[in-house]
Structure formats: structure tokens, C-alpha cells
Student: 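Here's a structure for you.
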Amino acid sequence: MRTLTRISPHPLTNVLHRLLTITHTHTRQATATTISIGDKQKLIREKQKHQQSTMEKRELGSTGLKLSVVGFGASPLGNVFGEVSRADAVAAVRRALDLGVNFFDTSPYYGGTVSEAVLGDCLNEIGVPRDDIIVSTKCGRYKEGFDFSAERVARSIDESLSRLGLDYVDILHCHDIEFASLDQIVNETIPALQKIKQSGKARFIGITGLPLNIFTYILDRVSVDVVLSYCHFGLNDSTLLDLVPYLKSKGVGVISASPLSMGLLTDFGPPAWHPASDKLKSTCKSAAEHCRKKGKKITKIALQYSLLNKEISTVLVGMNSPSQVEENVAAALELSSTGIDKELLDELESILEPVKNQTWPSGIKQS
């Protein structure tokens with residue numbers, strides 16, 4: 001077997017080796033420093049880009065839930081505004097999930113239970129993990145009429161869970177409470193909702209309605225986790241903001257719906273049954289025409305305006321197609337990256353000033 005004999009290097013060789021090692025080490029450190037600075041700048045740019053292309057999420061009161069600022073209003077899935085095919089419904093829900101929307105709202109009233117059933121089928125077909133979504137539904141208002149009794153509320157949640165294909169909903173709202181005696185809501189309906197919450201069938205409970213004074217009446221007497229207000233935080237009506245400090249003091253989460261004021265702030269205008277005054281309808285029509293003349297869409301700036309206040313956790317928008325989802329999400333992302341069109345906003349506020357905060361009656365006369 002051949003033996004390899006190790007030859008001791010010359011002393012000068014050792015010195016040269018050490019010098020080369022030191023030089024090489026310094027070079028590597030300098031290169032590493034250069035790369036780390038470059039990488040850091042790249043990471044910052046990527047983070048900024050990611051933030052601009054990611055749906056913002058906001059905490060909902062004291063619930064711990066984080067909702068996408070644009071929520072998926074599923075009433076159109078109940079064919080409320082026209083026929084929606086099952087394929088279009090699935091495509092809309094799938095696109096919403098892809099773009100970061102995690103909050104879906106429905107009700108047994110929408111389409112006479114059709115909205116709940118279709119939304120449940122969509123979520124099941126897509127196979128979205130339950131922890132990735134926040135689902136809310138309602139009770140008390142049905143195609144047949146209003147029933148806020150404890151017995152009906154108890155049956156209602158079981159029926160809703162069956163249609164949705166879920167073991168629980170994240171939020172159960174009492175729907176449009178101004179159509180009931182508010183004392184019944186306080187003394188019967190809310191206690192029934194609290195029992196449902198204790199059972200685990202709903203994680204949190206809330207109330208919805210149009211008149212803002214119903215919320216203070218209820219919350220001065222009993223506790224709920226969430227309120228859902230509609231048509232009170234938009235270009236033509238921002239009165240919800242007056243209530244926000246009170247709601248915040250109660251730890252109550254705030255959801256706003258109908259940023260287009262049930263069709264007032266659209267190019268097509270509201271449906272014939274819309275309860276707004278003629279003056280309000282014509283003024284909103286003028287605002288929409290002003291946007292068209294400038295090559296802008298009133299629906300876009302109306303949605304963006306409704307997203308400005310971060311104390312409002314999410315804004316529900318009815319959607320029934322991937323294109324609608326993309327348009328609404330794009331408006332939200334543009335707002336977070338470049339802000340709102342201040343010039344156009346000032347012009348619209350000037351046009352709408354004569355009817356600012358004008359609303360319409362809703363509900364029964366309270367004793």
C-alpha cells in the first residue's frame with residue numbers, strides 16, 4: 001500500500017496563505033453586505049407591492065374576527081336582482097376567495113332561502129377550509145313575513161345551518177328589527193340569540209336595521225357583538241359616523257351595507273320601489289351623470305368613500321359574477337395604494353349637499 005507523506009509547507013507559504021484567507025474573507029463580507037442591502041430593498045418593494053395587492057382586513061369590534069374590507073353580499077345569489085346560474089354563482093364566490101374576500105353574508109329572507117342554499121352549495125363545491133371564511137346569516141325576517149319569537153329564532157338557525165352545510169355561523173343577526181316591537185327584541189329575541197351563541201351554533205350575535213336609533217335603544221338595554229347598518233355611510237348619507245363612537249364604547253363591531261344606497265348611486269338608478277324621495281333620486285341621478293361626463297363611474301368612488309373610515313370593519317356589496325367581484329376588489333386596492341379621487345369627491349359632495357343625510361322611513365311605529 002502506497003503511503004502518502006505529508007510535506008510541511010515553507011514558512012513563507014503559511015504567511016501568504018493567511019494573507020489570502022484574510023483578503024478572501026473581507027471580500028466575502030463586503031459582498032454579503034452589498035447583497036443584504038440589495039435584498040432588503042427588494043424585500044421592502046415586494047412587501048409594499050404585496051400590501052397594495054392584498055385585501056385589507058379589519059378587526060370586528062371585540063370579536064377577534066378579521067374581515068376583508070369588502071364583504072360578499074350574497075343576496076343576489078337568491079335571484080333577488082335577476083336570475084343567477086349556479087355556475088356564475090360558484091365562479092363569483094371562487095373569484096372572491098381568490099382575491100382575498102373572506103366575509104360572506106346571507107339571510108333566509110333573500111330569495112326565500114335560495115341565497116343561503118346557493119351560497120352553501122358554492123362553498124361546499126369549492127371546498128374552502130372553514131377557518132378561512134367568516135359567514136353571517138340572519139333570523140326574524142322571512143319571505144312569509146316577520147317572526148322574532150324565541151321559538152322561531154331557535155328553528156331558524158337550524159334551518160340556516162342545514163342550507164349552508166355548516167355546523168355554525170360566525171355571526172347571527174336579528175334581521176331588520178324596526179319591524180318588531182323593540183321591547184320584544186330586548187326581552188325575547190336577544191336572549192334567544194344568546195342561547196344560540198352559548199350552544200355554539202353562532203359564534204357572535206348582532207342586529208340589523210335602517211333607523212339608527214334602534215341600535216342605541218337595544219344596546220342601552222342588552223348586549224350584542226355586532227351591528228349591521230345599511231344606507232347610512234355613503235356619498236349621500238354619512239350619519240352612521242355619528243353613532244360610531246357610541247358603538248366603539250360598547251365594544252360593538254360595525255358592518256356597513258349598501259354603499260350604493262340601494263341603487264341610488266348607480267348609472268342605472270334605483271328600482272321603481274325605492275322609498276327615497278323624488279328630490280333624493282333626481283339629485284343622485286345628477287351625481288351619476290356628472291361622473292359619466294368625466295369618464296368616471298359613480299359606483300367606484302361611492303364604494304371607495306364607504307371604505308374610508310377604518311372604524312367600520314367591512315362594507316357589504318352584493319355580487320353575482322366574477323367581473324363584479326374584480327371591479328369591487330380593484331376599487332378597494334386602488335384606494336389603499338393611491339387614495340380617492342379628491343377632486344371628483346369634492347364635486348360630488350357639492351352636488352349632493354342639498355339632500356345630504358336625507359333618508360326614508362322604515363319599520364313599525366314604536367310605542
Student: Quick check for you: to the nearest 0.5 Å, what is the distance between I298 atom CD1 and L235 atom CG?
Tutor: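 The CD1 atom of I298 sits 6.0 Å away from the CG atom of L235.
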
Student: Would you say the side-chain atoms of S160 and E116 include a donor-acceptor pair closer than 3.5 Å?
Tutor: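 Checked: S160/E116 side chains pair up, N/O donor to acceptor below 3.5 Å.
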
Student: Give a yes or no on whether a salt bridge exists between E347 and K294, defined as a side-chain N under 4.0 angstrom from a carboxylate O.
Tutor: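 A salt bridge links E347 with K294.
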
Student: Any heavy-atom pair between the side chains of S256 and L240 that's under 4.5 Å?
Tutor: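 Yes - at least one pair of side-chain heavy atoms lies under 4.5 Å apart.
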
Student: Salt bridge or not between K293 and E289? Use side-chain N to carboxylate O under 4.0 Å.
Tutor: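 Not counted as a salt bridge, because no side-chain N and carboxylate O are separated by less than 4.0 Å.
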
Student: Taking the six-membered ring of Y217 as reference, does the NZ or CZ atom of R221 fall below 6.0 Å from its centre and within a 45° cone about the axis?
Tutor: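 Because its charged atom sits under 6.0 Å from the ring centre and within 45° of the axis, R221 does stack over Y217.
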
Student: Between D105 and K138 (salt bridge meaning N to carboxylate O under 4.0 Å), is one present in this structure?
Tutor: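 Counted as a salt bridge, because a side-chain N and a carboxylate O are separated by less than 4.0 Å.
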
Student: Run the numbers on V315 and V70 for side-chain contact (heavy atoms from CB on, under 4.5 Å), then give the verdict.
Tutor: CA-CA 5 Å; V315 176; V70 173; over 6 Å; no

Student: Could you check whether any side-chain heavy atom of R94 comes within less than 4.5 Å of a side-chain heavy atom of D98, counting everything from C-beta outward?
Tutor: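 In contact.
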
Student: Under 4.0 Å between a Lys/Arg side-chain N and an Asp/Glu carboxylate O for E334 and K300?
Tutor: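 Here E334 pairs with K300 in a salt bridge, since their nearest N and O are under 4.0 Å apart.
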
Student: Kindly determine whether R203 and D225 satisfy salt bridge (charged side-chain N to carboxylate O under 4.0 Å, His left out), including the steps that lead there.
Tutor: CA-CA 10 Å; R203 296 174 65 191; D225 305 299; over 6 Å; no

Student: Do K57 and L67 have side-chain heavy atoms sitting under 4.5 Å apart?
Tutor: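 No. Closest side-chain heavy atoms not under 4.5 Å.
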
Student: Under 4.0 Å between a Lys/Arg side-chain N and an Asp/Glu carboxylate O for R130 and D170?
Tutor: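 Salt bridge between R130 and D170, a charged N being under 4.0 Å from a carboxylate O: yes.
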
Student: Apply side-chain contact (heavy atoms from CB on, under 4.5 Å) to the pair I312 and I255, showing each step before the final yes or no.
Tutor: CA-CA 6 Å; I312 296 172; I255 297 171; over 6 Å; no

Student: Could you tell me whether K250 atom NZ has more than 12 heavy atoms of other residues or ligands within 6.0 Å of it?
Tutor: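 Correct, the count exceeds 12.
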
Student: Begin from the C-alpha positions of D183 and Q366 and carry the test side-chain contact (heavy atoms from CB on, under 4.5 Å) through to its verdict.
Tutor: CA-CA 9 Å; D183 289 330; Q366 301 292 330; over 6 Å; no

Student: Under a 4.0 Å N-O cut-off, is there an ion pair linking E349 with K356?
Tutor: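 Judged by the 4.0 Å cut-off on N to carboxylate O distance, E349 and K356 do not form a salt bridge.
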
Student: C231 versus M262: any side-chain heavy-atom pair under 4.5 Å?
Tutor: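 Side-chain contact under 4.5 Å: yes.
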
Student: Ring centres under 6.0 Å, that's the criterion: do F179 and F148 meet it?
Tutor: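 No, they do not, as the ring centres are separated by 6.0 Å or more.
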
Student: Against the six-membered ring of F72, is R95 placed for a cation-pi contact (under 6.0 Å from the centre, within 45° of the normal)?
Tutor: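 Not flagged: R95 not positioned over aromatic ring of F72.
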
Student: Walk me through it: do F215 and H232 pass the test ring pair (Phe, Tyr, Trp, His ring centres under 6.0 Å)?
Tutor: CA-CA 13 Å; F215 298 128; H232 284 306; 8.7 Å; no

Student: Surrounding CG of D278 (heavy atoms of other residues, nucleotides or ligands, distance under 6.0 Å), is the total greater than 12?
Tutor: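 Result for CG/D278: open.
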
Student: Listed by chain and number, what are the side chain to side chain contact (heavy atoms under 4.5 Å, CB included) partners of S85, not counting sequence neighbours?
Tutor: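 Listed in chain order: A87, D88.
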
Student: Is the shortest heavy-atom distance from the side chain of E311 to the side chain of V254 under 4.5 Å?
Tutor: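 With C-beta onward as the side chain, the pair stays apart.
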
Student: For the aromatic rings, using the six-membered ring if either is Trp, is the centroid distance between H173 and F204 under 6.0 Å?
Tutor: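 No.
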
Student: With side-chain hydrogen bond (donor to acceptor under 3.5 Å, both in side chains) as the criterion, how do E56 and S336 come out once you've worked through the C-alpha distance, each side chain's angles and the decisive distance to 0.1 Å?
Tutor: CA-CA 8 Å; E56 178 189 356; S336 64; over 6 Å; no

Student: So, for I205 and S223, which heavy atoms are closest and what is the spacing to 0.1 Å?
Tutor: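 Nearest pair, atom of I205 first, then S223: CD1-O, 4.3 Å.
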
Student: Quick one: are R152 and C139 in side-chain contact, heavy atoms under 4.5 Å?
Tutor: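 Result no, sub-4.5 Å side-chain heavy-atom pair not found.
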
Student: Go through the side-chain N and O atoms of E178 and S362 and say whether any donor and acceptor fall under 3.5 Å apart.
Tutor: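 E178 vs S362: donor-acceptor pair found between side chains.
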
Student: If you count heavy atoms of other groups shown closer than 6.0 angstrom to CG of D132, is the number above 12?
Tutor: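 Correct, the count exceeds 12.
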
Student: Could you go through R86 and D121, starting from their C-alpha distance and side-chain angles, then the distance that decides it, and tell me whether this counts as side-chain contact (heavy atoms from CB on, under 4.5 Å)?
Tutor: CA-CA 9 Å; R86 190 59 55 94; D121 288 346; 2.7 Å; yes

Student: Does R141 qualify as a cation-pi partner of Y109, given the criterion of NZ or CZ under 6.0 Å from the six-membered ring centre and within 45 degrees of its axis?
Tutor: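 Yes, a cation-pi geometry.
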
Student: Mind telling me whether H175 and Y110 have parallel, tilted or perpendicular rings, with 30° and 60° as the class edges?
Tutor: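 Geometry flag for H175 against Y110: perpendicular rings.
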
Student: Does any non-hydrogen side-chain atom of F104 lie less than 4.5 Å from one of T137?
Tutor: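 Contact flag for T137/F104 side chains = no.
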
Student: I want to check something: taking the side chain as every heavy atom from C-beta on, are V93 and I126 in contact at a cut-off of under 4.5 Å?
Tutor: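 V93 reaches I126 side chain to side chain.
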
Student: In plain terms, say whether K297 and E327 are close enough for a salt bridge, that is, a side-chain N and a carboxylate O under 4.0 Å apart.
Tutor: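 E327 and K297: salt-bridged.
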
